[in-house]
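Start at 1 and go down the list; that is how both ligands and their atoms are numbered.
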Amino acid sequence: MSTTHEPQGLLGMKPEEIAAVFAELGQPAFRAKQLVEWVFAKRAASLEEMTNLPKATREALATRFVTRTMSIAKVTGSRDTTRKFLLKLRDGRYVETVLIPANPALYGGASDRRTLCVSSQVGCAYDCKFCASGLAGFTRNLTAAEIVEQIVQVEAYAGERVDNLVFMGMGEPLANFSNVTKAIEILNAEWGIGIGARHMTVSTSGLAPQIKKLADFPLQIRLAISLHGATDEVRDQIMPVNRKHNLAELFEALDYWNQKRKQFLTFEFILIANVNDSLPQAQALAKRARSANAKVNLIPYNTVDGLDWVRPSEASQDAFLAVLTNAGVTATLRREKGHDIAAACGQLRLKQETELGIIESPIPAKRITIGGGAG
Ligand code: SAH
């Protein structure tokens, strides 16, 4: 066994893991408890602040732990609007996280809550054709500490608590399963951040095997599916993941989820003109939503630089919604630009990295040709 260790982010560690390192370092167990309190309850940003730990202990700990793994590089927006935080990681990479204020006019169950939209990866490998996050490809998974710290950084900056979390930022959370579920446990724990499991939503592009695995995860978190196509023909065009896990496989996993879980699923459905906004698509979506007992969140496509998709007219958005409601499906349609959670989060992109020359500017390949009246 090697004697040198990469220092671990304390915000991503459970008390028993911290205790194990203390035992290794020959430090008494009660000190590990004190450390956990400093990290989570008191949110200490440095070991120096932990004044009831002897200096020698703090020095020993510094060889194994770091309290922070990122810094806020830039904040855009204001207290009353969505605020985007650009966070710089220890390896010089960046991720974004978005704080959406409490506002009764907003999205579904998040109405009177301050919601934070967190990232789970640097970049994304799934290449959804409408999404800004994947334009520069995939770099790496975030650690559990880096996921938890997004909340801690934002709360410290904003001076307010976040009470709702959505994993709708950059990345595919279910492709980073172990770090995301560990982060959720820490975020939920009494000794940790203390956010109720029902106030956390994992959003996935449809990784069927991992959906089943998540159904067996004990915490009662919510699940949102980025559906965006109600037939394989349409979904194949805009979400390459569908060629790996098609709708039959996805819905089989959702059946499994529903057997294990009481909470409603949410389907996210971005409306894109002439791609997935036809009335037959709406009918197919209604059928699927009923079969999976899902609510539908319609999101008019938000323009992404470099992508030439078009948002449908308000009349066709309304017609699409009417098909769902008439079929007895609970559906919402939000038009306020950039205010919808999924839309605000879906536009995260590492502009900063391209500006700084850390990664090459993503030149979007010619996107697919839009066939008339798809679906
Ligand atoms: N990979 C996960 C988590 C990212 S979620 C997932 O796919 O669910 C990001 C949300 O924003 C998704 O619902 C996504 O479909 C949506 N989104 C992405 N690009 C968008 C755009 N241009 N306009 C509106 N919503 C968008």
| query | Does the side chain of R311 pick up a donor-acceptor pair with the side chain of N302 at under 3.5 Å? | reply | yes
| Looking at ligand 1, does any of its N/O atoms fall within less than 3.5 Å of an N/O of P173? | no
| task | Would you kindly specify which portion of W309 sits under 4.0 Å from ligand 1, judged on non-hydrogen atoms: side chain, backbone, both or neither? | result | neither
| query | Got a salt bridge between E96 and K84, using NZ or NE/NH1/NH2 to carboxylate O under 4.0 Å? | reply | no
| query | Of C117, S203, S120, G169, which has the heavy atom at the shortest distance from atom 4 (C) of ligand 1? | reply | G169
| Region of T204 engaging ligand 1 - heavy atom pairs below 4.0 Å | backbone
| query | Is ligand 1 less than 4.0 angstrom away from at least one heavy atom of C128? | reply | no
| field | Heavy-atom proximity to atom 25 (N) of ligand 1, best of T201, I270, V241, L174 | value | I270
| field | Distance-only polar pair, side chains of Y301 and D277, donor-acceptor under 3.5 Å | value | no
| Does any N/O atom on F130 come nearer than 3.5 Å to any N/O atom on ligand 1? | yes
| message | Under 4.0 Å, counting heavy atoms only: does Y126 come that close to any atom of ligand 1? | response | no
| task | Before accepting this row, confirm whether a basic side-chain N of the pair K42/E49 lies closer than 4.0 Å to the acidic partner's carboxylate O. | result | no
| query | Side chain or backbone of M168 under 4.0 Å from ligand 1, or both, or neither, by non-hydrogen atoms? | reply | both
| query | Would W309 and F130 count as a close aromatic pair, with their ring centres under 6.0 Å? | reply | no
| What atoms of ligand 1 come within less than 4.0 Å of a heavy atom belonging to F167? | 3 (C)
| request: Before accepting this row, confirm whether a basic side-chain N of the pair E6/R64 lies closer than 4.0 Å to the acidic partner's carboxylate O. | output: no
| query | Is the count of non-hydrogen atoms from other residues, nucleotides or ligands lying under 6.0 Å from F251 atom CZ greater than 12? | reply | yes
| query | Would you say M170 contacts ligand 1, with heavy atoms under 4.0 Å as the rule? | reply | no
| request: Taking atom types as modelled, find out whether S120 and E172 have a side-chain donor-acceptor pair closer than 3.5 angstrom. | output: no
| query | Are N242 and R235 close enough that a side-chain donor and a side-chain acceptor fall under 3.5 Å? | reply | yes
| query | For ligand 1, which atoms, with element, lie under 4.0 Å from some heavy atom of S205? | reply | 6 (C), 7 (O), 8 (O)
| query | Under a 4.0 Å heavy-atom limit, does N302 contact ligand 1 with its side chain, its backbone, both, or neither? | reply | both
